[in-house]
Number of protein chains: 4
Amino acid sequence: MKKDSKRELILDAAIKVIAEKGFQYATTVEIAKRAGVAKGLIHFYFENKLDVLLSVILLFWQEINSANRKRLTQYTSPVDRLKAVFVTFQELLLRDERSLYWGKVLNEGLPQLHSIKSDSLQKKMQAIKRENKKLTNTIDTLIKEGQEQGVINAAVKPQVLRLILGGASQMLTYGMYLDLFPKGKIGFNADDVRESMDMLIDKFTTTLSVKGEI
Amino acid sequence: MKKDSKRELILDAAIKVIAEKGFQYATTVEIAKRAGVAKGLIHFYFENKLDVLLSVILLFWQEINSANRKRLTQYTSPVDRLKAVFVTFQELLLRDERSLYWGKVLNEGLPQLHSIKSDSLQKKMQAIKRENKKLTNTIDTLIKEGQEQGVINAAVKPQVLRLILGGASQMLTYGMYLDLFPKGKIGFNADDVRESMDMLIDKFTTTLSVKGEI
Amino acid sequence: MKKDSKRELILDAAIKVIAEKGFQYATTVEIAKRAGVAKGLIHFYFENKLDVLLSVILLFWQEINSANRKRLTQYTSPVDRLKAVFVTFQELLLRDERSLYWGKVLNEGLPQLHSIKSDSLQKKMQAIKRENKKLTNTIDTLIKEGQEQGVINAAVKPQVLRLILGGASQMLTYGMYLDLFPKGKIGFNADDVRESMDMLIDKFTTTLSVKGEI
Amino acid sequence: MKKDSKRELILDAAIKVIAEKGFQYATTVEIAKRAGVAKGLIHFYFENKLDVLLSVILLFWQEINSANRKRLTQYTSPVDRLKAVFVTFQELLLRDERSLYWGKVLNEGLPQLHSIKSDSLQKKMQAIKRENKKLTNTIDTLIKEGQEQGVINAAVKPQVLRLILGGASQMLTYGMYLDLFPKGKIGFNADDVRESMDMLIDKFTTTLSVKGEI
DNA sequence: GATGAATGAGCTTTCATTCAT
DNA sequence: AATGAATGAAAGCTCATTCAT
């Protein structure tokens with residue numbers, strides 16, 4: 001940890017600068033300045049600027065999957081577990097200021113695989129996709145299980161429901177990010193986000209005996 | 001129309017290149033090449049590269065508000081009108097291939113206002129924000145009306161519901177965009193998107209006398 | 001004159017724009033705009049932008065030599081004629097506002113001959129040098145005659161005296177040019193310039209009987 | 001000195017290229033090539049191309065004022081001190097080849113202050129004007145003192161005499177500059193220049209009890 | 001490990017010039 | 001004669017990356 005402290009300073013600075021300026025407009029000079037290290041050091045710890053971005057993103061997906069692994073063991077019903085996934089997502093992003101920037105960074109499109117020459121970066125990209133797919137599969141599987149058990153509306157295609165929930169979750173979190181800045185006061189807080197996501201998932205479930213329209 | 005054909009070629013090319021590469025990686029050279037014009041012509045019709053981006057975005061919001069103005073007169077109930085807003089959104093984006101790119105371009109973060117020096121671009125930014133606000137206000141107002149009339153769940157804050165619907169809509173449309181490319185087959189089509197949005201909105205309404213779970 | 005009116009408008013505009021911005025920063029767009037004609041018309045009347053500059057300069061030297069031809073016939077003594085040359089110079093430059101700009105344009109260095117490819121421009125350059133040489137020769141000859149007649153200090157090399165008189169004349173005129181602009185009020189006027197040049201020349205002459213140190 | 005060697009190489013190269021081509025035709029590529037460095041390095045040491053020009057000019061005026069400060073303590077009479085100012089000027093310019101280029105660079109018109117956006121360049125311009133004013137004031141003051149003591153012709157306005165002397169000095173030096181190039185052999189040398197300036201100043205003085213022609 | 005001077009490919013932008021109308 | 005849309009060479013400048021210290 002002492003050993004890697006500079007590397008972490010760079011990653012921390014990179015998340016913020018990339019979130020604020022976007023990947024291309026985030027310059028190595030500014031990242032280094034924000035991290036309090038010399039410009040050259042970035043290329044000591046990372047292959048190149050893209051490597052920094054990929055490292056930031058991979059770290060996020062690894063953390064989210066790792067957090068999910070722990071949390072999902074606590075629930076058994078598909079609906080509770082589905083809610084838990086999004087709670088994990090929100091918790092990770094709302095943990096601290098730095099994490100909130102992550103939500104913005106993830107919006108940065110990943111570069112086309114074929115445009116990456118370096119082998120090690122190719123592998124890092126594959127790792128990111130694998131982690132990403134892991135979460136996607138988790139969600140889709142939970143939805144399907146819920147539909148088979150008759151507690152989730154079977155009329156909705158799993159991937160469509162995933163996109164609805166993911167889109168809503170992302171948008172609400174993005175709202176939290178904007179709230180960091182004075183201009184963008186949005187009128188709701190982290191608790192509202194959590195409740196709203198739970199409520200949204202409930203719209204697609206019939207966990208209790210029966211209940212209205214689903 | 002003949003007069004502005006080259007200008008439109010540039011805008012069309014810009015939408016695609018920006019959607020594929022992102023604004024920052026979209027070079028003027030490539031936009032010009034794709035439009036089949038000399039690169040100098042871009043700066044004849046536009047102040048600079050940013051002006052091209054802003055022009056594309058402004059055009060979109062103007063078209064969407066204009067389409068809404070027409071469509072909303074056809075409905076009276078807040079719920080129907082709310083659905084109509086998102087139908088307009090989907091229709092505009094699914095109209096043709098070019099439009100689909102728009103959804104991607106809109107994800108490009110707008111530059112910080114204070115970083116724009118030029119007066120005319122400042123004005124263009126203001127115009128975009130105005131059009132954007134117009135849509136936002138329309139949606140929020142419809143939700144509030146629905147809540148006052150008791151047909152939309154009053155427990156959800158209007159701006160939260162707007163973000164949920166907007167996020168879902170955007171994510172589903174983005175899925176359609178990915179479908180353009182061989183790799184990303186997503187397993188649902190434009191009709192699915194429309195139905196899903198209607199269904200999602202219905203989750204928050206009690207159009208029928210039945211109150212159900214809302 | 002009606003025939004060439006547009007050509008003259010362009011030359012007039014060019015003098016001012018070049019004086020204000022310098023030759024390179026004087027754009028054809030601005031020259032055309034100031035002249036009230038279309039940009040393309042410049043290339044109808046002139047081979048290229050350099051041709052405009054050379055035409056402006058050639059015109060000046062032709063006018064000055066032509067004015068000298070007339071004026072010099074009115075005087076016989078070398079000293080009077082020498083003074084007359086500089087009076088012509090001042091008069092031409094102080095004739096009107098446009099002329100004053102000339103003084104500034106003349107400061108623009110002439111391009112290296114070998115960098116001019118076009119034959120016709122090569123010829124125009126030669127013509128300018130010829131006109132320039134004509135004036136130089138006139139001055140040097142007058143000084144030599146004065147020295148031979150014992151009325152001009154023979155200790156000064158003719159070309160040195162020419163440079164002294166030319167430098168002083170140019171500097172004083174340049175002061176008048178600066179006076180056009182609010183900031184540069186210089187505290188002397190056209191009459192002061194004329195008197196000063198006469199006085200300066202007198203310093204090097206013994207026109208009267210004898211008189212002190214010369 | 002080792003530290004700044006590249007920066008000085010750039011300044012040296014810039015002086016020459018600007019003198020030969022004029023500021024506007026002096027390209028950063030050529031300055032870099034002549035200095036033997038990469039073109040990017042220019043923008044490492046200087047804000048932009050204009051900054052290079054301003055730095056060159058400021059350096060000159062600082063050197064001239066500094067040299068004057070030392071030299072002027074050696075003389076007491078206004079006339080001797082006035083001559084000394086121009087000797088300093090000549091000496092600085094004739095010190096080595098590089099210095100001679102300075103005379104040409106100084107002829108480049110300074111850009112209009114209001115066209116400079118950058119704060120630091122605004123300050124550099126102010127510094128140049130201050131140094132310039134310092135020399136101007138020195139000369140004008142010496143002339144006035146001489147006039148009050150009755151040794152300099154009181155009929156000439158100080159600023160007019162300054163322009164006469166300055167113009168002559170500049171023109172003679174410019175002649176020396178042309179002598180660098182094969183084509184322009186001018187027939188006088190550095191000693192001629194110095195003597196001529198002394199002689200010119202003497203024309204306006206009555207150092208000896210004799211009043212002579214003044 | 002850490003620094004920052006130095007590099008140069010690649011970008012946006014300018015603008016003289018052309019040419020169809 | 002006159003226009004101005006269109007061209008493209010060439011410029012200034014940025015910034016990821018390298019490397020001697």
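Chain identifiers are assigned alphabetically (A, B, ...) following the order of the sequence lines, protein sequences preceding nucleic acid strands; residue numbering begins at 1 within each chain.
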Counterpart base for F:dT21, defined by Watson-Crick or G-U wobble contacts under 3.5 Å:
E:dA2
Who does F:dC15 pair with, Watson-Crick or G-U, both distances under 3.5 Å?
E:dG8
Using modelled atom types only, decide if a donor and an acceptor are shared between the side chain of B:K49 and the backbone of B:A26 within a distance under 3.5 Å.
yes
Does any N or O in the side chain of A:Q62 come within less than 3.5 Å of the main-chain N or O of A:E131, such that one atom is a donor and the other an acceptor?
no
From the list E:dA6, E:dA2, F:dT17, which nucleotide is the closest neighbour of the side chain of D:K6?
E:dA6
Side chain of C:H43, heavy atoms from C-beta onward: which of E:dT18, E:dA6, F:dT7 has the nearest atom to it?
E:dT18
Round to the nearest Å and state the distance from [X] atom [atom1] to [N] atom [atom2].
X	N	atom1	atom2	result
A:Q24	F:dC15	CD	P	9 Å
C:F44	E:dT21	CZ	P	19 Å
C:Y25	E:dT14	OH	C1'	11 Å
C:F23	E:dC15	CZ	C1'	12 Å
D:I42	F:dT14	CD1	P	13 Å

Taking NZ, NE, NH1 and NH2 as the nitrogens, is one of them in B:E20 or B:K104 under 4.0 Å from a carboxylate oxygen of the other?
no
Please state whether the phosphate of E:dT12, meaning OP1 or OP2, lies under 4.0 angstrom from any side-chain nitrogen or oxygen of B:K39.
no
Please tell me if B:T28 has a side-chain N or O lying less than 4.0 Å from either OP1 or OP2 of E:dT12.
yes
Looking across every strand, which nucleic acid part, if any, lies under 4.0 Å from C:A26 by heavy atom: base, sugar-phosphate, or nothing?
sugar-phosphate
